[in-house]
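Structure first, then comments.
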Amino acid sequence: MELDLAIKGGTVVTASDTIRCDVGVRGERIVALGENLRAQREVDASGLLVLPGGIDSHVHIAQPSGPGVVMADDFASATASAAAGGNTMVLPFALQQRGTSLRACVEDYRRKAENECYVDTAFHLIVSDPTPEVLGQELPALLKDGYTSFKVFMTYDDLVLKDRELLDVFEVARRERALVMVHAEGYDAIRYMTERLEREGRTAPYYHAVSRPEIVEREATHRAISHAELVDVPIMIVHVSGREAMEQIRWAQSRGLKIYAETCPQYITLTAEDLQGPDMDMSGAKYVCSPPPRDEESQAAIWEGLRSGVFQTFSSDHCPFRYDSPSGKLHPNGRSSFRWVPNGIPGVETRLPILFSEGVSKGRISLNRFVELTATNHAKIYGLYPRKGSIGVGFDADIVLWDPNRREVIRQEILHHGADYTPWEGFEVTGWPMMTLLRGQIVAEGGRIVGAKGAGRILARDVSAYAAPSGT
Ligand code: DUC
Ligand code: ZN
Ligand code: ZN
């Protein structure tokens, strides 16, 4: 059989197996796994792991984030950063702004992304205004067009849905087999805490973490689970930060409910203390994200969930703002209160090295679990499997060659994102992506982007088997 590319001498790792073999590619697909494969182009992978390209199913790119606030990445910089970090696919959000049509928002995002991406992309939707038109016509039509998942928020003035609205949205998701992602933090409790802290003059970025403690996340997680059970619809609780919310999820899972969960690098490596900065100053804004990072005990709890299977996906929640900019973390209003500091941190490029280093290199999770958490489950849950997410005959040749022994220090100057800082400055890792291939073509190598802008496609997704109701 004629091959266009053979990746030779590496160790292929999937969610289930670790095998010494070559990988043969013809066109854009993997067509052979075997010994002594020959091809026109051969890549030597000896000493390296051959992993499915990372899929980051939770990133924010060029998303409107409030008056005067601008996200630090466009689709070109975010996807270049993703590729350099060993990813071949990202799933950003198309945000519906209240009073606007969901379809118009999606078209707007597509225009921004078209011919700009270095890796493949597929959009989730964010539903902020579930009008009868949106629920009755727009959502079902968009789902048929391949936008098979959407996110809802239980907090934020511009995004929060009332309980009744959540239930109505869940019902549409159940009927249409969409997967709902839930941002579970309770609006009223956060408002109450924020106003109290502001009255007391506690307005530094650190108080962002105090204003939304774990109890707020636990309450909303439980409420989302209860509503999902009532409607009988599977949901994904995104960006889970610690034990309290995780125990609600574990409880639901143990009762047979289809409650899925995601966590992120910030919840295994950062703590609320990072928001204090050296002197309770504005530099703490670099770490402001929601839910906030907690403490070391919470990190231990998240590892417990990563090991035991409470979590199905590990995503970055890449949500980049520049620090030293009035349109970013140093927005003038942010000095008067943490409530105006843009929420989110960059992380699409550092997600895989952090989980590999802290998880695999330190012996907390297996290589196969790493692959499952960073690629395979993202593809399965979001309707991309068996096209994406593994290494096998028929899959897209989305591959990362990974050096498990390479030591690196994460520094802003080696990253490709549009932000002007990384929350992990100086963080040492063992394990690093050496080459990223998108559908058989090299897109990043040795920290350099060598792929073509626009080579990444915007994909429609299938309905996910994970979105099927349990029938109870
Ligand atoms: N939720 C996210 O998913 N990302 C950034 C901010 C937020 O609240
Ligand atoms: Zn969120
Ligand atoms: Zn997010």
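In this structure, a donor-acceptor pair under 3.5 Å is present between the side chains of Ser241 and Glu217. Inspection of the Ser315 and His239 side chains reveals no N or O donor paired with an N or O acceptor under 3.5 Å. Between the side chains of Asn333 and Ser336, not a single donor N or O lies within less than 3.5 Å of an accepting N or O. Judged by distance alone, the side chains of Tyr156 and Asn343 do bring a donor and an acceptor atom under 3.5 Å apart. Under the 3.5 Å distance criterion, with hydrogens and angles disregarded, a donor-acceptor pair is assigned to the side chains of Ser149 and His124.
Taking each heavy atom of Phe311 and Leu306 in turn, the nearest pair found is CD1-N, 3.6 Å. Looking at every heavy atom in both residues, Val240 comes nearest to Ala261 through CG2-CB, 4.4 Å. Here the shortest heavy-atom pairing between Leu438 and Gly456 reads CD2-CA, 4.0 Å. Taking each heavy atom of Ala122 and Arg461 in turn, the nearest pair found is CB-NE, 3.6 Å. Smallest separation of non-hydrogen atoms from Thr430 and Pro404: CG2-O, 3.5 Å.
Atom CZ of Arg307 is separated from atom CD1 of Ile365 by 9.5 Å, given to the nearest 0.5 angstrom. Distance check: Glu358 CD to Gln299 CD gives 8.5 Å after rounding to the nearest 0.5 Å. Put simply, NE2 on His331 and CH2 on Trp340 are 9.5 Å apart, with the number rounded to the nearest 0.5 Å. One finds the CE atom of Met246 at 12.0 Å from the OG1 atom of Thr221 (value rounded to the nearest 0.5 Å). A distance of 8.0 Å separates OG1 in Thr121 from CG in Leu91, rounded to the nearest 0.5 Å. To the nearest 0.5 Å, the span separating CE on Met154 from CG on Leu159 amounts to 13.5 Å.
By the 6.0 Å contact criterion, CZ on Arg407 is open, its count of non-hydrogen atoms from other residues, nucleotides or ligands being 12 or less. Counting heavy-atom neighbours within 6.0 Å of Ile414 CD1, excluding the residue itself, gives a total above 12. For Glu35, the CD atom sits in a loose shell: 12 or fewer heavy atoms of surrounding residues, nucleotides or ligands are nearer than 6.0 Å.
For the pair Lys380 and Tyr385, the cation sits on the ring face: its NZ or CZ lies under 6.0 Å from the ring centre, inside 45° of the axis. Judged by a 6.0 Å distance limit and a 45° cone about the ring axis, Lys112 is not positioned over the six-membered ring of Phe75.
Counting heavy atoms from C-beta on, the side chains of Leu179 and Thr148 never come closer than 4.5 Å. The closest side-chain heavy-atom distance from Phe321 to Met71 is below 4.5 Å. With a 4.5 Å cut-off on side-chain heavy atoms, Pro234 and Tyr260 count as touching. Between Ile345 and Tyr421 there is a side-chain heavy-atom pair separated by less than 4.5 Å. Under the 4.5 Å side-chain criterion, counting only non-hydrogen atoms from C-beta, Val25 is not in contact with Leu3. Side-chain contact check for Ile391 versus Phe395: every heavy-atom pair is 4.5 Å or farther apart. Counting heavy atoms from C-beta outward, Trp432 and Ser357 have side chains that stay 4.5 Å or more apart. Looking at Ile7 and Leu437, their side chains come closer than 4.5 Å, going by heavy atoms from C-beta outward.
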For this session: Take Phe123 and Arg110 through the test side chain to side chain contact (heavy atoms under 4.5 Å, CB included) and record every step on the way to the result.
Result: CA-CA 9 Å; Phe123 287 101; Arg110 282 192 75 104; 4.3 Å; yes
For this session: I would like to know whether Asp73 and Val348 meet side chain to side chain contact (heavy atoms under 4.5 Å, CB included); could you show each step before the answer?
Result: CA-CA 11 Å; Asp73 270 320; Val348 72; 5.6 Å; no
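A salt bridge is absent between Glu214 and Arg243; no separation between the charged side-chain nitrogens and carboxylate oxygens falls under 4.0 Å. The existence of a salt bridge linking Arg457 and Glu28 is confirmed by a sub-4.0 Å separation between a basic side-chain nitrogen and an acidic carboxylate oxygen. Salt bridge annotation for Asp398-Arg439: absent, with no cationic side-chain nitrogen under 4.0 angstrom from a carboxylate oxygen. Here Glu445 does not pair with Arg448 in a salt bridge; the nearest charged N to carboxylate O distance is not below 4.0 Å.
Each of Asp120, Asp56, Asp462 was compared with Lys388 under the salt bridge (charged side-chain N to carboxylate O under 4.0 Å, His left out) criterion, and only Asp120 meets it. Shown are Glu349, His417, His416; of these, the side-chain hydrogen bond (donor to acceptor under 3.5 Å, both in side chains) with Ser81 is made only by Glu349. For the side-chain contact (heavy atoms from CB on, under 4.5 Å) with Leu355, the qualifying choice from Thr263, Ile268, Val360 is Ile268, the only one to do so. Checking each of Glu219, Glu185, Glu244 against Arg212 for a salt bridge (charged side-chain N to carboxylate O under 4.0 Å, His left out) leaves exactly one that passes, namely Glu185.
Ring pair Phe93/His58: centre-to-centre distance below 6.0 Å.
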